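Notes for the one structure printed next.
Note: hydrogens, waters and symmetry copies are ignored here, and every other heavy atom, side chains too, is used. On a predicted model such as this, the values are computed, not experimentally measured, just so you know. Numbered from 1 within each chain, the chains take letters A, B, ... in sequence-line order.
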There are 2 protein chains.
Amino acid sequence: MPERTFRKDAARNREAVLAAADALFARCERPEDVTMADVSAAAGVGKGTLFRAFGDRAGLLRALYEARLKPVRQAVEAGPPPLGPATPPQERVPALLDAVLCFKLDNRRLALALEESGSGSPYQAEHYERWHRMLQGVLEQIPGLTGSDFTAHALLAATRADLVEHLAGAERVPRERMRAQLTHFVTGVLASGHAGEE
Amino acid sequence: MPERTFRKDAARNREAVLAAADALFARCERPEDVTMADVSAAAGVGKGTLFRAFGDRAGLLRALYEARLKPVRQAVEAGPPPLGPATPPQERVPALLDAVLCFKLDNRRLALALEESGSGSPYQAEHYERWHRMLQGVLEQIPGLTGSDFTAHALLAATRADLVEHLAGAERVPRERMRAQLTHFVTGVLASGHAGEE
DNA sequence: GAAGATACGGACCACGGGTCCGCTTTGCAA
DNA sequence: TTGCAAAGCGGACCCGTGGTCCGTATCTTC
């Protein structure tokens, strides 16, 4: 099997960088003033090492994001209801979006950094594609609901990192209130398929 | 009145810069590779002039955007239905969002440039605030609809420049189809307030 | 037309992402 | 244990970009 074997020091440094970046992004105010040099310095590593390990800034962000996202992904792909695949669509869609929202609330700076510095639009990122496909798939199982492709985009747009950041930061909307509002909104969208039918 | 009087050459140069930037953004593929030096060169003007006239990159973008947006704003604030204030809310909300969408379709690159280079999140821009206030105000006139603040944000999020760009560019969704989908989505959201009442 | 204010413009600066290459470490094999 | 590629290291370096500065040119006013 072609699974590359990594040298011990390379692996150690990779972890150090990941940990340092994590800490820096958590602490900082705006993600763009965590510089690559900062990260490498905080990790006690040269810039060259950092760039060889992750390719570029976007690569580092992606790696961090993916690592943090892993538990959520697993819960969605093979976990118990209300996130897992056994959930009826009507319930699962709000649960999915709530999970996304919570994730972004818990990782505000990181999500922000990824979306804005992610080398172009966030819509090219594979993790966005994954969410979109998943959501669209579930939406399609809801009878009477049309335009699942656009609907999935629109619903995900309501959880964009910078919007979340704005609401949580500038408008000081408390976490639970925000979750309730999003859920209410999503539920409304799902119900709308049936609204005009009577 | 304290209305500063501008020197003739200053005014001329300002216009030249605006026109040049407009052309460059319209032509380019990705907005971030229109550089300030490019703009000043295309306008036949020094960089100093450009920066004195507009402050910084975001200032230039904002000025351009505002200029383009003016007709739409007027139509919204004092025009005939379905955009103007005389329109019943149920109709006006989709019309407003359709107008935003069309504007972003017609000015893809510019809107993109402004949202991503706009010195931080787009949610701090005053034009966003204006749209949001307006939309929220109209939403509040719709009986049975709650959470107008969040709903306004969520609906506007569905017209984000990079989403529009993604759909129009990568997914090749035709203009009319996109408008129809957005309108359908918006109408659904509005109807949802009444869905659970019977 | 002279004088003061205003604007011009391009050389210049700071800074951040990303590269390069001589040196070190590691891991395998004899 | 020792030898020796190969893999990895790291910080000096490069480059492009936004933004500044100031001597010079242009406008306005009297």
Between A:Glu129 and A:Arg133, is there a salt bridge with N-O shorter than 4.0 Å? yes
Run the salt-bridge test on A:Arg12 and A:Asp9 with the 4.0 Å N-O cut-off and return the result as yes or no. no
Here the distance between atom P of C:dC13 and atom NZ of B:Lys47, to the nearest Å, is 13 Å
> Counting just side-chain N and O atoms, does A:Thr35 come under 4.0 Å of either OP1 or OP2 of C:dG17?
Replying inline: yes
To the nearest angstrom, the CG-C1' distance between B:Asp38 and D:dG16 comes to 11 Å
Here the distance between atom P of C:dG16 and atom CD of A:Glu32, to the nearest Å, is 11 Å
Looking only at D:dC27, D:dG18, C:dT25, the nucleotide nearest the A:Asp9 side chain is C:dT25
Between CG of B:Asp56 and P of D:dG18 the distance, given in whole Å, is 11 Å
| task | Using a strict cut-off of less than 4.0 Å between a Lys/Arg side-chain nitrogen and an Asp/Glu carboxylate oxygen, indicate whether A:Glu116 and A:Arg160 qualify as a salt bridge. | result | no
Inset, instruction - Examine C:dG27: is either OP1 or OP2 under 4.0 Å from a nitrogen or oxygen in the side chain of A:Lys8? Give yes or no. - result: yes
Carboxylate-amine/guanidinium contact A:Glu77 A:Arg73, below 4.0 Å: yes
Taken to the nearest whole Å, CZ/A:Arg52 to P/C:dG18 is 15 Å
task = Report yes if a side-chain nitrogen or oxygen of B:Asn13 is closer than 4.0 Å to either non-bridging phosphate oxygen (OP1 or OP2) of C:dC8; otherwise report no.
result = yes
Donor-acceptor pair present, B:Arg7 side chain and D:dT28 base, under 3.5 Å: no
(Q) Does C:dG9 have OP1 or OP2 under 4.0 Å away from a side-chain N or O of B:Thr49? (A) yes
Assign each of B:Gly55 and A:Gly48 the nucleotide of DNA chain D bearing its closest heavy atom; nearer the 5' end lies the nucleotide of A:Gly48
Considering only heavy side-chain atoms of B:Val45, the closest of D:dC27, C:dG9, C:dC8 is C:dG9
A:Met36 CE to C:dT19 P, in whole Å, measures 10 Å
